[in-house]
Every structure is written in structure tokens, then in C-alpha cells.
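Inspection log for the structure reproduced underneath, given as C-alpha cells.
Along the sequence shown, residues carry numbers from 1.
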Amino acid sequence: MKIQQIRNATLVIEYAGNKFLIDPLLANEGVYPPYPNSLRQDQNNPLVELPTSIDKLIHVDAVIVTHLHLDHFDGVAKEVLPKDLKMFVQNEEDANEVKKAGFSNVEVLQEDTVFEGIQLIKTKGQHGRGEILKLTGQVCGVVFNHPNEKKLYIAGDTVWYDGVQEVLLKNHPEIIVVNGGDNQFLEGGSLIMGKDDIYEVYKTAPNAKIIVSHMEAVNHWTLSRTDLKSFINEKGIAAQVFVPEDGEEYTF
């Protein structure tokens, strides 16, 4: 298994002989306005360039879009991805939107989806806590399972809550990707995991390798890689929790 952090929540995953693109945000640096009511109103999104060419990113076997927020599936992705590429989404509503963008091979993830012999298990997520959930909407994650690979859990845009704990205790993933960065608006609290959430993941799955994605790429982040690494070192969990730079790749 190879997992490459691209930018924001965008990943390229090689798993059981297939290549997956996760949550493609493919625009050039600074193309989109900043998220309002949040930090860095003077900085357009994405905050950083892609670490590799778009051409390399679109040559994959399938795409998984965990939800349709701009920083997970943007206009450039809709434009440049081949329209007959296999697209996995979380529900019929998202499927209809992706079809409207011209894609013809769209499938809604289930708890027992199978693609090229790989079991893809849709998991729940909670994109924040309390009132903010009315704005953030539904999201999902996915567990990858194949007899020749370690079990992989992509948590997606979720905070720590009992639904994530349930996934960990039920599936026992050996590799976990969480979206960190503690992104938030000026009010309403965390939209994705902060350092304490990530520590809860570690405590529930202490033997898993945890990769933290979704760092420092859109303007409303509040947790830096540097601060997260300091926290990980303080807790003595640096052997289990990794904070990749954009473009960095891991093999498991």
C-alpha cells in the first residue's frame, strides 16, 4: 500500500493493485476566495500549489469523493478528470450532482461495495459539533479491505465522536488517515479533528499507524503542522502518528 499526501484532503492511494484519488482539490494556488468568517481573510484558496502535476493525478482507477465541499471536489477536478472514470460518492444526492458535472460512471458507496476485489465500506462522519452541522451537511469516510493488504480507514472530514470510535472498534484498521488542521470559522468550533481528537484516535487504536492530512491548505485552518508535531512528541506517540508534507508518500 502506498499513500501520498497531495494537498488538503487530496490523497493518492495505491491499494491491491489499484490507484485511487481521494477528494480532489486541483486548482492552482489562490484561485478561490477565502472562506468567510474565519482566519486569513487576506489569503485566497488553496493556500499552496499542488506538489505534482495534474496529469499525474488524473491517471487513476477510481475517485472517491467523501462530500462535495469545494476543498474536496472543485471546479478544476470536474473539468479535468475523465468523464468515464469510476466515481464513488456518499449518497444519491451527491451522485446526482457529480452526474450533472458530466460523469457517467458514478456509484454510491455502501457498507459492502466491492471494486476490483477491494471491499469499500462507507463509514459515518460528523463535520463539526452542534449547530454548525446544519451548515456542514453530510460527510462520509471509507474503510479499504483486501486479503493482501492492511486494512485502511480514511476518516474524512469528521471530528472525534462515537461514530469514529465505532468504526475503529468494529474494523480494527491498521492504517488510519484523519483530516486534522482543526479548521473552523470564528464561531461554532472545530469542523475537523484537532490535536485532542487525533489523540483520541490514537488511544482507541494505539497499534495503528495514523497519518494526518488536511493541513495548512485552506484559509480556515487553526492547527499547524509544527504545533501538531510538538504535541505528538510531548505525548510520546511520534512512532505511530505522522504529519506529512504535501507530496510526501508512505509505504505500508
Side-chain angles (χ1 to χ4, degrees), residues 1-16 20-23 51 64 66 72 118-129 139-146 149-184 190-217 221-252:
M1 181 195 327
K2 287 184 181 174
I3 300 175
Q4 185 179 23
Q5 166 65 31
I6 302 301
R7 178 184 61 186
N8 203 53
T10 308
L11 306 164
V12 172
I13 295 173
E14 294 179 39
Y15 191 92
F20 295 84
L21 177 63
I22 313 293
D23 286 347
I64 297 175
T66 62
H72 292 255
I118 301 163
Q119 185 185 22
L120 299 173
I121 304 165
K122 183 173 75 172
T123 61
K124 293 180 287 188
Q126 188 177 290
H127 201 349
R129 298 180 178 96
V139 296
C140 81
V142 62
V143 171
F144 291 65
N145 190 23
H146 187 277
E149 294 280 14
K150 293 181 170 71
K151 196 175 282 189
L152 166 67
Y153 171 36
I154 307 286
D157 267 9
T158 185
V159 293
W160 171 260
Y161 79 116
D162 56 8
V164 173
Q165 185 176 40
E166 193 181 300
V167 174
L168 295 174
L169 295 176
K170 181 180 178 181
N171 293 282
H172 304 287
E174 295 153 277
I175 313 296
I176 301 167
V177 179
V178 299
N179 289 349
D182 202 1
N183 294 41
Q184 49 188 283
S190 303
L191 301 170
I192 58 174
M193 292 194 187
K195 54 192 177 185
D196 292 328
D197 301 72
I198 294 163
Y199 191 48
E200 291 297 331
V201 174
Y202 164 77
K203 287 192 293 184
T204 305
N207 297 316
K209 301 293 188 188
I210 301 167
I211 298 168
V212 186
S213 184
H214 207 309
M215 301 289 289
E216 300 176 320
W221 67 266
T222 69
L223 174 63
S224 70
R225 285 181 170 103
T226 300
D227 287 350
L228 178 56
K229 286 175 182 175
S230 294
F231 176 82
I232 288 165
N233 287 329
E234 281 167 24
K235 294 292 185 184
I237 58 175
Q240 299 300 118
V241 185
F242 308 106
V243 186
E245 297 298 320
D246 291 345
E248 197 167 344
E249 182 177 275
Y250 301 99
T251 302
F252 298 105

Distance (rounded to the nearest 0.5 Å) between Lys122 NZ and Ile64 CD1: 12.5 Å
Pairs involving residues 153-182, ordered by first then second residue, that meet ring pair (Phe, Tyr, Trp, His ring centres under 6.0 Å) (sequence neighbours left out): none
Side chains of Pro173 and Val143 in contact at under 4.5 Å (non-hydrogen atoms): no
Pairwise side-chain contact, Asn8 with Asp23, heavy-atom cut-off 4.5 Å (strictly under): no
Thr123 to Ile154 - nearest heavy-atom pair and separation: OG1-O, 4.5 Å
Test side chain to side chain donor-acceptor pair (under 3.5 Å) applied to Arg129 - qualifying residues, sequence neighbours left out: Asp197
All pairs passing salt bridge (charged side-chain N to carboxylate O under 4.0 Å, His left out) where residues 237-252 contributes a residue, at least two apart: Arg225-Asp246, Lys229-Glu245
Sub-4.5 Å side-chain heavy-atom contact between Asp196 and Phe231: yes
Over all atoms of both residues, closest heavy-atom pair of Ala217 and Arg7: CB-CG, 4.0 Å
Phe144 and Leu120, any side-chain heavy atoms less than 4.5 Å apart: yes
Side chain proximity check, Ile211 to Leu11, heavy atoms < 4.5 angstrom: no
Heavy-atom pair with the smallest gap, counting every atom of Gln240 and Pro206: NE2-O, 3.4 Å
Side chains of His214 and His72 in contact at under 4.5 Å (non-hydrogen atoms): yes
Quick one: side chains of residues 174-184, donor-acceptor pairs under 3.5 Å with protein atoms, not counting sequence neighbours, listed by atom name and distance.
residue	atom	partner	partner atom	Å
Glu174	OE1	Lys151	N	3.0
Asn179	ND2	Gly156	O	3.4
Asn179	ND2	Asp157	OD1	2.8
Asp182	OD1	Gln184	NE2	3.2
Asp182	OD1	Ser190	OG	2.4
Gln184	NE2	Asp182	O	3.4

Plane angle bin for Phe242 and Tyr250 - parallel if under 30°, tilted between 30 and 60°, otherwise perpendicular: tilted
Under the side chain to side chain donor-acceptor pair (under 3.5 Å) test, residues paired with Gln4 that sit two or more places apart: none
Residue pairs passing the salt bridge (charged side-chain N to carboxylate O under 4.0 Å, His left out) test where at least one lies in residues 202-211, sequence neighbours excluded: Glu200-Lys203
Contact check, side chains of Met1 and Leu152, non-hydrogen atoms, under 4.5 Å: yes
